[in-house]
Amino acid sequence: MEVDHAQISSHCRTQYGLISRTQAFDAGMTRHQIQRQLDTKRWRAPAPGVYHDSAVPVTPHSRLLAACIAHGGLASHRAAAALHGINGFRLVRPEIVVARGRGRSASGVRLHRSTQMDLAKPVPRERIPCTGLARTLLDLASVVSRQQLESALDCVLRDRRLTYEDLYEVVVSHSRQGRDGLTLLRAVLDDQCGDGPVPLSDWSRWVSNLLVRSGLDSPALEYRVHDAAGRFLAQVDLAYPRRRLAIELDSVRWHHNRESFVGDRRRRNQLQAAGWDVLNFTWEDYADRSGELCAVVAKALAAA
């Protein structure tokens, strides 16, 4: 098989001077030809199974990509933060994540192992495979200070690259006992979000999206309920009108005063008298027990 030099050049040009052993074989090279490139110092081997064209300068990007190729991993943590352009992070030392049981420790490389690679949502950043932005922030929470994490969150929220819902979704999807970074990220989100600056309309949308992702129909938002005579009874946060099921979201900020305390119970009585079932959920139900929340709604819909 004739060596496809154009293909080899293309790989090196688009991969910071790098080519993998597999790519070299696919281009028609033999082991002897690869070894000759190394012996003549036209190529060097920065990592197992990865070669670098000596005519191309070594850079932080080439070192990071070489580690990703050699270990079958993704740029992660601080390296991923730098690739995503999060303020305060520079690409200095290669840092990657690989599946648990894969990858050997390598000099100069920060290697993390994960049982949740299926949730990494990889994306290319600057021609390097990288963990998705939300996953990157969760990983960051395991290796940086609270102040650094708060600054990183401010950066992506300010640029509107992520929403609070996106961040809570990554917390929920990765939730397991002992998961690194989970406690700190959740604490920062609750302080920034929780019963503070999140409008109830946004929270209603998040719960609606959660229910849809669980396989339920999309509920109506800010639904106005009328009685049989057409008189207005109440406006509820979410509703399944055909099933006469209302969902109310209880916030400490908006509901823990005497006027709301009395009004909420009066509205609930009026809705139940009109034949409606009413479910009430708190912020903790959404953030901590989202699966249980969806199950309760599903059961209520089935009963209705």
Side-chain angles (χ1 to χ4, degrees), residues 60-61 64-65 67-68 73-100 109-198 202-203 205-207 209-210 213 283-284 286-291:
H61 287 77
L64 177 57
L65 181 56
C68 290
L74 301 172
S76 67
H77 297 72
R78 286 155 289 215
L83 292 178
H84 280 293
I86 297 176
N87 293 345
F89 294 92
R90 295 186 304 113
L91 192 55
V92 180
R93 180 180 177 182
E95 189 164 10
I96 67 172
V97 62
V98 299
R100 179 68 59 86
V109 177
R110 290 192 179 104
L111 190 65
H112 304 272
R113 294 178 173 85
S114 172
T115 60
Q116 298 176 319
M117 289 297 287
D118 58 316
L119 302 175
K121 296 186 177 180
V123 293
R125 285 290 178 267
E126 300 183 39
R127 292 176 283 159
I128 298 175
C130 177
T131 52
L133 183 55
R135 168 62 177 264
T136 295
L137 288 163
L138 174 59
D139 288 339
L140 265 185
S142 68
V143 295
V144 302
S145 68
R146 181 181 180 118
Q147 183 177 358
Q148 287 175 299
L149 180 63
E150 289 174 343
S151 296
L153 291 178
D154 287 342
C155 176
V156 300
L157 290 167
R158 183 174 57 248
D159 295 343
R160 298 184 178 180
R161 288 187 283 167
L162 289 177
T163 65
Y164 280 113
E165 184 187 7
D166 296 326
L167 293 165
Y168 269 104
E169 184 178 344
V170 82
V171 167
V172 171
S173 64
H174 287 76
S175 183
R176 65 168 175 77
Q177 188 173 8
R179 206 297 181 186
D180 292 342
L182 206 60
T183 300
L184 178 57
L185 179 57
R186 171 64 200 280
V188 172
L189 289 176
D190 281 353
D191 284 349
Q192 292 188 5
C193 190
D195 287 302
V198 179
D202 283 353
W203 185 14
R205 173 68 65 184
W206 300 357
V207 174
N209 292 344
L210 177 68
R213 286 196 299 271
W283 178 262
E284 286 71 22
Y286 168 75
D288 292 334
R289 298 177 289 275
S290 60

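- Taking every heavy atom of both residues into account, Gly132 and Val123 meet most closely at CA-CG2, 4.3 Å.
- For Ser173 (side chain) and Val170 (main-chain N/O), a donor-acceptor pair under 3.5 Å exists by modelled atom type.
- Inter-residue side-chain proximity for Arg161 and Ile86 is flagged as met; some heavy-atom pair is nearer than 4.5 Å.
- How far OH of Tyr168 is from CG of Leu185: 8.5 Å, rounded to the nearest 0.5 Å.
- Between Leu167 and Leu157, the shortest heavy-atom distance links the atoms CD1-CD2, 4.1 Å.
- Under the 4.5 Å side-chain criterion, counting only non-hydrogen atoms from C-beta, Phe89 is in contact with Leu140.
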Query raised in the report: Do His77 and Ser142 pass the side-chain contact (heavy atoms from CB on, under 4.5 Å) test, and can you show the C-alpha distance, the side-chain angles, and the key distance before you say yes or no?
Result: CA-CA 8 Å; His77 297 72; Ser142 68; 3.8 Å; yes

Query raised in the report: Should Asn209 and Glu169 be marked as a side-chain contact (heavy atoms from CB on, under 4.5 Å) after you check the CA-CA gap, both sets of side-chain angles, and the distance that decides it?
Result: CA-CA 10 Å; Asn209 292 344; Glu169 184 178 344; over 6 Å; no

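- In this model, a donor atom of one side chain and an acceptor atom of the other lie less than 3.5 Å apart for Asp166 and Thr163.
- Donor-acceptor pairing under 3.5 Å is recorded for the side chains of Arg135 and Ser114.
- Between Val143 and His112, some side-chain heavy-atom pair lies under the 4.5 Å cut-off.
- Shortest non-hydrogen contact noted between Cys155 and Asn87 is SG-N, 3.6 Å.
- Taking His174 as the reference, nothing meets the ring-ring contact (aromatic ring centres under 6.0 Å, His included) condition, with sequence neighbours excluded.
- Closest of all the heavy-atom pairs between Arg90 and Ala82 is C-CB, 3.6 Å.
- In this structure, Arg158 places its CZ atom where more than 12 heavy-atom neighbours from other residues, nucleotides or ligands lie under 6.0 Å away.
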**Report entry** Val109 and Glu95: CA distance, side-chain angles, deciding distance, side-chain contact (heavy atoms from CB on, under 4.5 Å) verdict
**Finding:** CA-CA 6 Å; Val109 177; Glu95 189 164 10; over 6 Å; no

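- In this structure, Val98 and Ile96 approach most closely via the heavy-atom pair CG1-CD1, 4.1 Å.
- Within the 4.5 Å cutoff, the side chain of Asp180 has no heavy atoms near those of the Asp139 side chain.
- Here the side chains of Val97 and Met117 are in contact, with some heavy-atom distance below 4.5 Å.
- Across all non-hydrogen atoms, the minimal contact from Ala75 to Cys68 is N-SG, 3.5 Å.
- In the model, Thr131 has no side-chain atom that pairs as donor or acceptor with a side-chain atom of Ser76 under 3.5 Å.
- The aromatic rings of Tyr164 and Trp206 sit tilted, their planes meeting at an angle between 30° and 60°.
- Distance check, rounded to the nearest 0.5 Å: CZ of Arg289 to CD of Glu284 gives 7.0 Å.
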Report task. Show your reasoning for whether side-chain contact (heavy atoms from CB on, under 4.5 Å) applies to Gln147 and Leu149. Result -> CA-CA 5 Å; Gln147 183 177 358; Leu149 180 63; over 6 Å; no

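- In this structure, NE2 in His84 is found 3.5 Å from OG1 in Thr136, a value given to the nearest 0.5 Å.
- Just one residue in the list Arg110, Gln148, Arg93 forms a side-chain contact (heavy atoms from CB on, under 4.5 Å) with Arg78, and that residue is Arg110.
- Atom CG of Asp190 sits about 7.0 Å away from atom CH2 of Trp283, to the nearest 0.5 Å.
- In this structure, Leu137 and Leu162 have side chains that are in contact, with non-hydrogen atoms separated by less than 4.5 Å.
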